[in-house]
Asks: 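Have a look at the structure that comes next, please.
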Protein chains: 2
Amino acid sequence: MKLSNTNQRRIIIEELRNLYTHPTADELYVIVREKLPQISLGTVYRNLELLADAGKVLKLELSGKQKRFDGNVNKHFHMRCRACGRIEDMHADKMSEIDRNLNDLVDKLKVDGYRLELNGLCNKCRAEEE
Amino acid sequence: MKLSNTNQRRIIIEELRNLYTHPTADELYVIVREKLPQISLGTVYRNLELLADAGKVLKLELSGKQKRFDGNVNKHFHMRCRACGRIEDMHADKMSEIDRNLNDLVDKLKVDGYRLELNGLCNKCRAEEE
DNA sequence: ATGAATCTAGTAATGATTCCTATTATTTCA
DNA sequence: TGAAATAATAGGAATCATTACTAGATTCAT
């Protein structure tokens, strides 16, 4: 099925790409409503699903009961902060080395791929701890 | 809070340890009911939670909407089969090497730990594909 | 054995997500 | 351009995994 160009869809993807918080569908709904007050939550869910299928956004199946979404489709890792629960991106400088490590792993185990969630302290909570 | 020794709890943990299927709470409920026909689903949920807190079973937060449980608390990986959805254990012979790889990763990223889900074909589906 | 602590079955409530439907918007191409 | 065809929407209902509640039963520590 071909995706139409609707206002709702355009604004959903636009707002998601402006965020670095990996919002849940309902969090994004609140934000999108500032631009489109009559949009429905179902529309947000449906579009996030379709956009994820089309590879335009990432659907994150991390721990926790709600799914989260990411407008950044470039390869990177996610860390859940053990203090506040926020999801933080890990744009490691050592990315290529880590990537090599994990590809080795996939190779050795003869599998297709992996899903990795890191656990630790986000920058904010680390700062507060000191 | 100290855990009492109830029939229900004993049989739940016993049955879980006999399984290698990483059952959901409701799947385990069906099995436990063969021994305790009047047990309630809530009891299964509550006990799995308590046993996980006590480190006696593992609560797996993998992708998919239902949580799964594992009576094997030794360190190992899980793979979700892309064909049938089953969760299979990865008791890699190369475990120690993999473990080293991942500990390096944690070290480099300065995080506390990780949660890894592998994706691939389980033994059964691989056999059927041939 | 007994009082305190813990647990149970059964049921209700919750909350994230999906489904449904009548209506509206977008696309296609004659 | 302007129908007809396709896809999308708002709003609300339904689903389903999980958690919460409660009165009565079991287990524990002494």
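Below, chain A is the first sequence line, B the second, and so on; all start at residue 1.
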Asks: Rounded to whole angstroms, how far apart are NZ on A:Lys2 and P on C:dC29?
Replies: 11 Å
Asks: If I take atom CG in residue A:Leu48 and atom C1' in nucleotide C:dT17, what distance separates them, rounded to the nearest angstrom?
Replies: 12 Å
Asks: Quick one: does A:His76's side chain have a donor or acceptor within less than 3.5 Å of a partner on A:Asp89's backbone?
Replies: no
Asks: Looking at B:Arg126 and B:Glu130, is any side-chain nitrogen of the basic one under 4.0 Å from a carboxylate oxygen of the acidic one?
Replies: no
Asks: With a 4.5 Å limit on heavy-atom distance, are the side chains of A:Leu51 and A:Phe69 in contact?
Replies: no
Asks: Can you tell me how far the CG atom of A:Leu3 sits from the CE atom of A:Met1, to the nearest 0.5 Å?
Replies: 6.5 Å
Asks: Using a heavy-atom distance cut-off of less than 4.0 Å, which residues of residues 10-27 of chain B contact DNA chain C?
Replies: none
Asks: Is the phosphate of C:dT27, meaning OP1 or OP2, less than 4.0 Å from a side-chain N or O of A:Asn5?
Replies: yes
Asks: Would you list the pairs meeting salt bridge (Lys or Arg N to Asp or Glu O under 4.0 Å) in which at least one residue belongs to residues 45-58 of chain B, sequence neighbours left out?
Replies: B:Glu49-B:Lys59
Asks: Please say yes or no: joined through hydrophobic side-chain contacts below 4.5 Å, possibly via intermediate residues, are B:Ile87 and B:Ile31 part of one cluster?
Replies: no
Asks: Does a nitrogen or oxygen in the side chain of A:Asn47 sit under 4.0 Å from OP1 or OP2 of D:dT9?
Replies: yes
Asks: If I take atom CG from residue B:Leu116 and atom OH from residue A:Tyr114, how far apart are they, to the nearest 0.5 angstrom?
Replies: 8.5 Å
Asks: Out of C:dT6, C:dT28, D:dT9, which has the shortest distance to the side chain of B:Met1?
Replies: C:dT6
Asks: How would you list all residue pairs meeting salt bridge (Lys or Arg N to Asp or Glu O under 4.0 Å) that involve residues 114-123 of chain B, not counting sequence neighbours?
Replies: A:Arg115-B:Glu117, A:Glu117-B:Arg115, B:Arg80-B:Glu117
Asks: Go through residues 65-73 of chain A and report each residue with a non-hydrogen atom lying under 4.0 Å from DNA chain C, sorted by number.
Replies: A:Lys65, A:Gln66, A:Lys67
Asks: Quickly work out the B:Leu62 CG to D:dA17 P distance and round it to whole Å.
Replies: 16 Å
Asks: Check each residue of residues 31-43 of chain B for a non-hydrogen atom within less than 4.0 Å of any atom in DNA chain C, then write out the ones that pass by number, or none.
Replies: B:Gln38, B:Ile39, B:Ser40, B:Thr43
Asks: With respect to the phosphate group of C:dT8, does any side-chain polar atom (N or O) of B:Arg46 fall under 4.0 Å of OP1 or OP2?
Replies: yes
Asks: Take atom CZ of B:Arg9 and atom C1' of D:dA25, then tell me their distance rounded to the nearest Å.
Replies: 14 Å
Asks: Looking at A:Arg9 and A:Asn47, would you say the former's side chain and the latter's main chain have a donor-acceptor pair under 3.5 Å?
Replies: no
Asks: Determine: side-chain N/O of B:Gln8 to OP1/OP2 of C:dA9, distance under 4.0 Å, yes or no.
Replies: yes
Asks: Donor-acceptor pair, distance only, cut-off 3.5 Å: does the side chain of B:Glu88 make one with the backbone of B:Asn123?
Replies: yes
Asks: Check whether any side-chain nitrogen or oxygen of B:Tyr45 sits under 4.0 Å from OP1 or OP2 of D:dT18, and answer yes or no.
Replies: yes
Asks: To the nearest 0.5 angstrom, please state how far the CG atom of B:Leu62 sits from the CD atom of A:Glu61.
Replies: 10.5 Å
Asks: Determine, step by step, whether B:His78 and B:Asp70 satisfy the side-chain contact (heavy atoms from CB on, under 4.5 Å) criterion, reporting the C-alpha distance in whole Å, the side-chain angles of both residues, the deciding distance to 0.1 Å, and the verdict.
Replies: CA-CA 10 Å; B:His78 294 110; B:Asp70 194 338; 2.9 Å; yes
Asks: Checking the side chain of B:Arg68 only, and the main-chain atoms of B:Leu60 only, is there a donor and an acceptor separated by less than 3.5 Å?
Replies: no
Asks: In this structure, how many angstroms lie between the P atom of C:dA16 and the CG atom of A:Leu60, rounded?
Replies: 17 Å
Asks: CG/A:Asn101 to CG/B:Asn103 distance, rounded to the nearest 0.5 angstrom?
Replies: 11.0 Å
Asks: Please report the distance, rounded to the nearest Å, between CG in B:Leu3 and P in C:dC7.
Replies: 6 Å
Asks: Specify the angle, to 10°, made by the local axes at the two ends of the helix from C:dA1-D:dT30 to C:dA30-D:dT1 when five pairs are taken at each end.
Replies: 40°
Asks: Just the rounded figure in Å: distance from P of D:dA8 to CG of A:Leu50.
Replies: 6 Å
Asks: Rounded to whole angstrom units, what separation is found between the CG atom of A:Leu51 and the P atom of D:dA8?
Replies: 10 Å
